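Report on the structure given below.
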Amino acid sequence: MIEELIRRWDGLAVVTSFDPVTGAWTFIGMHDDTLGPCVGGTRLKVYDAPSDGLRDALRLSEGMTNKWAAIDIPYGGGKGVIALPRPLTSEEREPLLQRYGRLVGSLRGSFRTGQDLGTTTDDMVTIARETEFIHGIDRGSWTAIDPGPFTARGVFVGTRAAVKAAFGGDTLAGRSVLIQGAGDVGEPLARLLAGAGARLLVSDLDAERAGRVAEAVGGTVVDPDAVYATPCDVYAPCAVGATVNSDTIAQLQCRIVAGSANNQLAVPEDAERLHERGVLYAPDYVINGGGATAFGLLAQGVDDEDELYTRVELIGPRLHGMFAEAASRDESPVHSACRTVNRALGRG
Ligand code: PHE
């Protein structure tokens, strides 16, 4: 299984380590370093099998290669996955993250990381005390910056661009957006969209969280099982990947798929399926690049918040250009995004 996954992957290397104390497997996918050191977040999650964690590390690090290339920041694609066999106890978490920090440090900067699904700003501070190769940390105050609001801002301007391409108008007022996952990105995204007059439908596996966010934005809760078949203008996947697949595409009642999740499509052909059904897809690694943009620029010494948000908002015109190119060629926007990545990586 593991041999097969790595054999079929076109990346550079996978750093693998087993933690005997917790039984966790760590996989650091280093996909491509054409543009710079491999950088991407660290995901901490319970997986049924370690190979599922490896598969995530491989796919997600490839997504980061595309993301850095698409947002024009000189890093390569990397991703850390700490695959847990079971939930951690509160006493186990900090020492495990310290050991992970020392592993990252041992790579001497060829892999650098930050917050992702399942890790928190507190976790990043713990890791950063072990290694300098952590993004989004203010070492003066030992606080970590949450990438969520930056990612949300990028998805927000990207959604506006998608609405313009699909419906012609520039306004989100009255448009219905179904947010799947009211977490670190989903919640601030819901607030931005509500502020622009959109009608929110909110879903989360955690019913309490869905209810709290829906109430805060005057929206409606949608049961997790009903997400795909619920009519809406925009379906915004903001949680795990592969929610857009042949099964769910057949059910979708939306005009647009635009959200923050990484690897939204189960397989590349799903982009064609969406296109055939007349659903406009905002390529995930383009629309969700706001956090990466902010962290990349912070590492380059840009620390003015307005400047960071201004750069994040370039995701809007970037997607606008991709949607226009896709429309003129009657193809999915993924092809325009892919050409952008290939050009940036000098693949012709
Ligand atoms: N995890 C986020 C992403 O996938 C933000 C991030 C980028 C975190 C780069 C660390 C480093 O884009």
Side-chain angles (χ1 to χ4, degrees), residues 28-33 35-45 56-82 97 100-101 104 107 109-128 131-138 144-156 158 181 183-189 237-242 259-264 282-300 302 308-309 311-312 314-315 318 337 341:
I28 296 175
M30 297 174 43
H31 178 260
D32 184 294
D33 68 348
L35 299 178
C38 298
V39 184
T42 293
R43 185 167 283 209
L44 179 79
K45 217 173 136 247
D56 252 3
L58 302 183
R59 291 197 64 201
L60 291 163
S61 62
E62 180 177 354
M64 288 307 300
T65 298
N66 295 338
K67 193 179 303 192
W68 295 120
I71 63 183
D72 200 20
I73 291 189
Y75 286 137
K79 201 85 175 195
V81 171
I82 306 176
L97 290 166
Y100 176 72
V104 171
L107 301 174
S110 52
F111 170 70
R112 305 168 188 206
T113 192
Q115 196 180 336
D116 200 81
L117 199 136
T119 51
T120 66
T121 45
D122 284 347
D123 294 341
M124 290 307 122
V125 172
T126 301
I127 300 172
T131 174
E132 68 192 277
F133 299 114
I134 296 288
H135 283 267
I137 296 282
D138 177 354
I145 299 151
D146 181 357
F150 292 103
T151 307
R153 182 77 73 98
V155 176
F156 173 69
D184 200 43
V185 180
E187 176 167 2
L189 175 63
C238 295
V240 293
S260 68
N262 283 307
N263 296 343
Q264 292 171 27
D284 50 7
Y285 59 78
V286 182
I287 194 168
N288 73 12
T293 299
F295 278 16
L297 293 172
L298 277 164
Q300 290 172 4
V302 180
L308 293 175
Y309 276 112
R311 291 286 296 269
V312 168
L314 292 179
I315 288 171
R318 190 173 297 127
V341 168

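Just so it is clear, the model here is predicted, and its values are computed rather than measured. Order of listing sets the numbers, starting from 1, for every ligand and every atom in it.
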message: As an exercise, identify every atom of ligand 1 less than 4.0 angstrom from a heavy atom of G114.
response: 10 (C)
message: If the cut-off is 4.0 Å to any non-hydrogen atom of M64, which atoms of ligand 1 fall inside it?
response: 4 (O)
- prompt: Checking S61 side chain against A57 main chain: does a donor-acceptor pair fall under 3.5 Å?
  reply: yes
field: Plane angle bin for H135 and F295 - parallel if under 30°, tilted between 30 and 60°, otherwise perpendicular
entry: parallel
- prompt: Is the shortest N/O to N/O distance between D116 and ligand 1 below 3.5 Å?
  reply: yes
message: Could you work out, for atom 6 (C) of ligand 1, the closest of Q115, K79, K67 by heavy-atom distance?
response: Q115
- request: Assess whether side-chain contact (heavy atoms from CB on, under 4.5 Å) is satisfied between Y100 and T42, documenting all intermediate values.
  value: CA-CA 10 Å; Y100 176 72; T42 293; 2.6 Å; yes
query: In the protein, what heavy atom is nearest to atom 9 (C) of ligand 1, and what distance, to one decimal place, separates them?
result: W68 CZ2, 3.6 Å
- request: If the plane angle is over 60° it's perpendicular, under 30° parallel, otherwise tilted; pick one for Y309 and F150.
  value: parallel
query: Is there side-chain contact between L189 and C238, with at least one heavy-atom pair below 4.5 Å?
result: yes
message: Using the rule given for side-chain contact (heavy atoms from CB on, under 4.5 Å), can you reason through L97 versus I82, listing the C-alpha separation, both sets of side-chain angles and the distance that settles it, and then say yes or no?
response: CA-CA 9 Å; L97 290 166; I82 306 176; 4.3 Å; yes
Region of N262 that comes within reach of ligand 1 [heavy atoms, distance under 4.0 Å]: side chain
- prompt: Quick one: nearest non-hydrogen protein atom to atom 7 (C) of ligand 1, plus distance?
  reply: A292 CA, 3.8 Å
